[in-house]
Amino acid sequence: MSVLKMSNIQKSFGDNHVLKDISFHVDKGEVVSIIGPSGSGKSTLLRCSTFLETIDAGTITYDGKNAAEMKNGKCVYAKNLNEFRRIFGLVFQNFNLFPHWTVLRNMMDAPVSVLRRNKDEVREECLGLLAKMGLEDKANAYPCELSGGQQQRVSIVRALAMNPEILFFDEPTSALDPELTGEVLKVIKQLAEEKMTMVIVTHEMSFARAVSDRVIFMAGGVIVEQGAPEDVFGNTQSERTKQFLQNYNNL
Amino acid sequence: MTLMTMVMKMASGLEKTCAIFFLTLLFALPLGMAVAMMRGSKIKPVSAVAGFLISVLRGTPLMLQLIAVTYGPYYLFGVSVSRNKLIPVVIAFSINYAAYFAEIYRGGIESMPVGQYEAAQVLGYSRAQTFLKIILPQVIRRILPSVTNEIVTLVKDTSMAFTVSYQEMFTIGKQIANSETSFIPFLVAGVFYYVFNLIVSFVMGKVEKKMSYYKM
């Protein structure tokens, strides 16, 4: 069964029709990368799937349950959206860590005060996650004391501390320099090897090619092409995709 | 009257000056938050009422508001003016300062990056949790310099209580100045306010330092 299924998603900002009938699904253990030019709707799609934007029409299904569905021609969201939010985690482009809390508090607070889990148990788990990421000595540091790469790794472990079934990444390395990008991509790769279900919006083409099970190319609010990375990158079908990838290859 | 007697007489009014000061802070700081909440409410009439209150309270002199709160009940309802003028004085100061604090809070809340709300929302925090645990602590840190500014002004504004003859330090000083035809009480009052504000600045400086353990 698919962890996430989005069907016939429509989204407009005023006159700007950003998502035009998008349908896709993510299976358990699958890593899906979404690539495409700026303004193609990639980030909006991610924001719709995490309820940061409300869709105008379509169906959003997590684990077989509808979070948003069409009723009498209108899109209606489920009442218990917070229960759906437990299924996913989101890593932002600019981290959005809570600056007044230490790294450990950033990770522990939501599991304790939202999921009502045992504090000591959560602490153990979080310290374990930090150690895995090579950040064990940063537990009591504040976000402002960390490099951009470390901050992004912390925001990844903050999402992981909620034990999500699926993790979304919204251009996780776009705010980082190439050196720091590497350390963040390494972490995502590690998660992919552990069969974490992930959807990654990214401009890192070679990374998308290496890490994904499936690549989706979006342009102008529609999915132009999707398939295994070797097909999308190696045996490109659509002219629009070719044009986009060429710009990368020409560099 | 010797300088010493003047100083002692005026110092006896400091207790009341402090009463206005601390009670106003006690009531105006939370009241300002309530008004800021109303101002930012999605319910249009609530926000409009708060906006109107703020504009009236900031747009008319504090002196006028003091007189209105102290003597208004007598003229309107025939209620006799209470003997303890501390109550109307503190009410007038509190609502006036609440209006200013409300605008400071609003500015602080609006300056918060939207990403903080989004991160909290995705993690499943309720609206109340998001505000109390994530937004408010950061807002307090951001607005502290503006709040200090208001508190310094409040110290000096307590002298306004002389308009309703509340026997605080400045009122006593003004009475001595009149009876003795001397300028000295005003100098003494100036020194008192200055020292009071030195203490305020010192304390608020400490608080600001304590809160700046992180960068935004």
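Computed over heavy atoms, backbone and side chain alike; hydrogens, waters and symmetry mates excluded. Treat the numbers as computed from the prediction; the structure is a model and nothing was measured. In what follows, chains are A, B, ... by sequence order, proteins preceding strands, each numbered from 1.
- Across all non-hydrogen atoms, the minimal contact from A:Arg158 to B:Ala119 is NH2-CB, 3.6 Å.
- Annotation: B:Glu208, atom CD; neighbour count of heavy atoms from other residues, nucleotides and ligands within 6.0 Å is above 12.
- Within a 6.0 Å radius of CD in A:Glu136, other residues, nucleotides and ligands contribute more than 12 heavy atoms.
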Please step through side-chain contact (heavy atoms from CB on, under 4.5 Å) for the pair B:Lys133 and A:Asp109, ending with a clear verdict.
CA-CA 10 Å; B:Lys133 301 184 80 157; A:Asp109 198 84; 3.1 Å; yes
Can you list the steps and then say if A:Phe51 with B:Val122 is a side-chain contact (heavy atoms from CB on, under 4.5 Å)?
CA-CA 8 Å; A:Phe51 313 145; B:Val122 169; over 6 Å; no
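- Between the side chain of B:Gln116 and the main chain of A:Leu97, a donor-acceptor pair closer than 3.5 Å is present.
- With a threshold of 4.5 angstrom between heavy atoms, A:Ser113 approaches chain B through its backbone and through its side chain.
- At least one donor-acceptor pair under 3.5 Å links the side chain of B:Tyr125 to the backbone N or O of A:Ala110.
- The parts of A:Phe98 that come within reach of chain B are both its backbone and its side chain, each placing non-hydrogen atoms under 4.5 angstrom from that chain.
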In sequence, state the C-alpha distance, the side-chain angles, and the governing distance for A:Leu90 and B:Glu118, and then conclude on side-chain contact (heavy atoms from CB on, under 4.5 Å).
CA-CA 10 Å; A:Leu90 171 62; B:Glu118 291 183 345; over 6 Å; no
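- Heavy-atom contacts from other residues, nucleotides or ligands closer than 6.0 Å to CD of A:Glu179 number 12 or fewer.
- Heavy atoms closer than 4.5 Å to chain B are found in the side chain of A:Arg47, but not in its backbone.
- A distance-only check finds a donor-acceptor pair linking the side chain of B:Tyr213 to the backbone of A:His100 [under 3.5 Å].
- Among A:Leu52, A:Leu81, A:Asn94, the residue with the largest count of heavy-atom pairs under 4.5 Å with chain B is A:Leu52.
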Run the numbers on B:Leu123 and A:Val114 for side-chain contact (heavy atoms from CB on, under 4.5 Å), then give the verdict.
CA-CA 8 Å; B:Leu123 288 167; A:Val114 175; 5.6 Å; no
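- For B:Tyr194, the OH atom is loosely surrounded, since the number of other residues' heavy atoms within 6.0 Å does not exceed 12.
- Across A:Phe95, A:Trp101, A:Phe88, the residue that shares the most heavy-atom pairs under 4.5 angstrom with chain B is A:Trp101.
- In this structure, A:Phe13 places its CZ atom where more than 12 heavy-atom neighbours from other residues, nucleotides or ligands lie under 6.0 Å away.
- Within 6.0 Å of atom NZ in B:Lys85, more than 12 heavy atoms from other residues, nucleotides or ligands are found, so the atom counts as buried in its surroundings.
- Shown here is B:Ile43, whose CD1 atom has no more than 12 heavy atoms of other residues, nucleotides or ligands within 6.0 Å.
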